[in-house]
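Taking it in order: structure first as structure tokens, then the write-up.
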Amino acid sequence: MHLRYAEKSDARNILAFIEKAGVDSEGIKEQIQHFVLMEDKQGNLQGTLGIYKLGDKGLLRSLVMSEKVSQEEILALFHEAFRLAWQKELKDLYLVTNKSSALPFFHLLGFQEVPPVSSPSVFQRFYQEAVEENEEIYFMHYNVKKEA
């Protein structure tokens with residue numbers, strides 16, 4: 001698998017990939033330069049991870065993976081997203097998940113659970129939307145360190 005940063009010309013493929021998985025694609029075109037893509041040797045999209053950027057903070061979103069992706073490749077995708085966040089001069093990353101089974105993985109990456117009120121209000125909107133759709137929601141924070 002090959003990792004790279006998205007370009008504007010990738011928008012159509014990213015939107016199709018994300019929508020096929022049933023994930024919300026609102027605002028992706030405007031934030032396309034904050035996406036990490038995983039492709040196979042033929043250049044077919046196998047995974048995405050985006051950052052919704054607001055000032056020096058970001059919300060991880062649109063994590064979509066094909067069945068072919070290994071745990072090591074998912075880990076590499078996150079590390080590349082951390083590197084992108086550092087390059088974009090972000091200080092904090094947040095994520096919202098409804099999967100308690102994923103919490104150990106996120107903790108391993110350096111995320112800590114935090115109350116949603118500790119985040120920018122626009123990110124709280126994503127949290128509220130998730131709460132409306134799910135009973136159990138976890139809001140997590142990652143302090144972006146020098147990754148380069």
Side-chain angles (χ1 to χ4, degrees), residues 1-8 10-11 13-15 17-19 21-40 45-148:
M1 297 282 179
H2 169 71
L3 295 172
R4 68 177 181 86
Y5 301 142
E7 301 172 2
K8 289 186 184 222
D10 294 311
N13 286 343
I14 294 170
L15 289 170
F17 185 75
I18 289 172
E19 289 169 356
V23 174
D24 179 26
S25 63
E26 180 185 340
I28 287 177
K29 282 185 179 179
E30 296 78 20
Q31 296 277 334
I32 202 79
Q33 72 277 17
H34 302 114
F35 267 77
V36 178
L37 307 181
M38 181 177 289
E39 298 173 325
D40 62 18
L45 198 53
Q46 298 299 311
T48 62
L49 181 55
I51 301 171
Y52 185 94
K53 185 178 182 291
L54 180 66
D56 65 354
K57 301 184 182 334
L59 178 72
L60 291 180
R61 59 171 294 188
S62 306
L63 173 62
V64 178
M65 310 302 293
S66 76
E67 296 173 358
K68 301 174 187 177
V69 177
S70 71
Q71 289 180 340
E72 292 81 17
E73 291 166 332
I74 294 171
L75 187 61
L77 183 69
F78 270 90
H79 282 290
E80 197 61 35
F82 295 157
R83 184 173 290 121
L84 177 62
W86 179 80
Q87 289 174 3
K88 299 289 184 176
E89 300 180 352
L90 299 182
K91 293 182 180 175
D92 300 287
L93 285 177
Y94 296 90
L95 68 79
V96 178
T97 184
N98 64 347
K99 296 184 176 28
S100 62
S101 61
L103 294 179
F105 175 74
F106 293 133
H107 287 143
L108 180 68
L109 289 172
F111 283 92
Q112 299 297 317
E113 291 177 59
V114 294
V117 294
S118 66
S119 70
S121 60
V122 69
F123 295 164
Q124 291 175 30
R125 187 193 92 214
F126 286 99
Y127 178 83
Q128 262 327 109
E129 289 172 3
V131 167
E132 291 171 7
E133 297 175 12
N134 302 281
E135 291 181 22
E136 204 166 353
I137 295 296
Y138 304 93
F139 197 76
M140 305 190 82
H141 171 261
Y142 176 84
N143 184 20
V144 178
K145 299 170 185 73
K146 186 174 181 178
E147 295 287 332

Item to check | Gap between atom CD of Glu73 and atom CE of Met65 - 0.5 Å precision | outcome: 7.5 Å
Checklist entry - Under the 3.5 angstrom rule, does the side chain of Asp10 hit a backbone N or O of Glu7 as a donor-acceptor pair? => result yes
Next on the checklist: Is there a side-chain contact between Val144 and Asp56 in this structure, where contact means two heavy atoms from C-beta onward sitting under 4.5 Å apart?
Outcome noted: no
Checklist entry - Can you say whether the rings of Phe111 and Phe78 are parallel (under 30°), tilted (30 to 60°) or perpendicular (over 60°)? => result perpendicular
Checklist entry - Can you tell me how far CD1 of Ile14 sits from CD1 of Ile28, rounded to the nearest 0.5 angstrom? => result 7.5 Å
Next on the checklist: Quick one, Arg83 with Val36, criterion side chain to side chain contact (heavy atoms under 4.5 Å, CB included). Give me CA distance, side-chain angles, the key distance, then yes/no.
Outcome noted: CA-CA 10 Å; Arg83 184 173 290 121; Val36 178; over 6 Å; no
Next on the checklist: I'd like to check Val69 versus Met38 (side-chain heavy atoms, cut-off strictly below 4.5 Å). Are they in contact?
Outcome noted: yes
Item to check | N/O donor-acceptor pair under 3.5 Å between Lys29 side chain and Gln31 backbone | outcome: no
Checklist entry - Are Leu109 and Tyr142 close enough that some pair of their side-chain heavy atoms sits under 4.5 Å apart? => result no
Checklist entry - Got a sec: does the NZ of Lys88 have more than 12 other heavy atoms crowding it under 6.0 Å? => result yes
Checklist outcome for this item: The reported gap from CG in Leu95 to CD in Glu113 (rounded to nearest 0.5 angstrom) is 10.0 Å
Checklist entry - So, do Leu3 and His79 sit near enough that their side-chain heavy atoms are less than 4.5 Å apart? => result no
Checklist outcome for this item: Distance col, row Asn143:CG vs Phe82:CZ, nearest 0.5 angstrom, shows 11.0 Å
Next on the checklist: For a side chain to side chain contact (heavy atoms under 4.5 Å, CB included) check, start with the C-alpha distance between Ile18 and Phe35, then their side-chain angles and the critical distance, and finish with the verdict.
Outcome noted: CA-CA 12 Å; Ile18 289 172; Phe35 267 77; 4.0 Å; yes
Checklist entry - Does the pair Leu77 and Leu63 meet the rule for a side chain to side chain contact (heavy atoms under 4.5 Å, CB included), with working shown? => result CA-CA 10 Å; Leu77 183 69; Leu63 173 62; 3.9 Å; yes
Checklist entry - With side chains defined as the heavy atoms from C-beta onward, is the minimum distance between Met140 and Leu103 less than 4.5 Å? => result yes
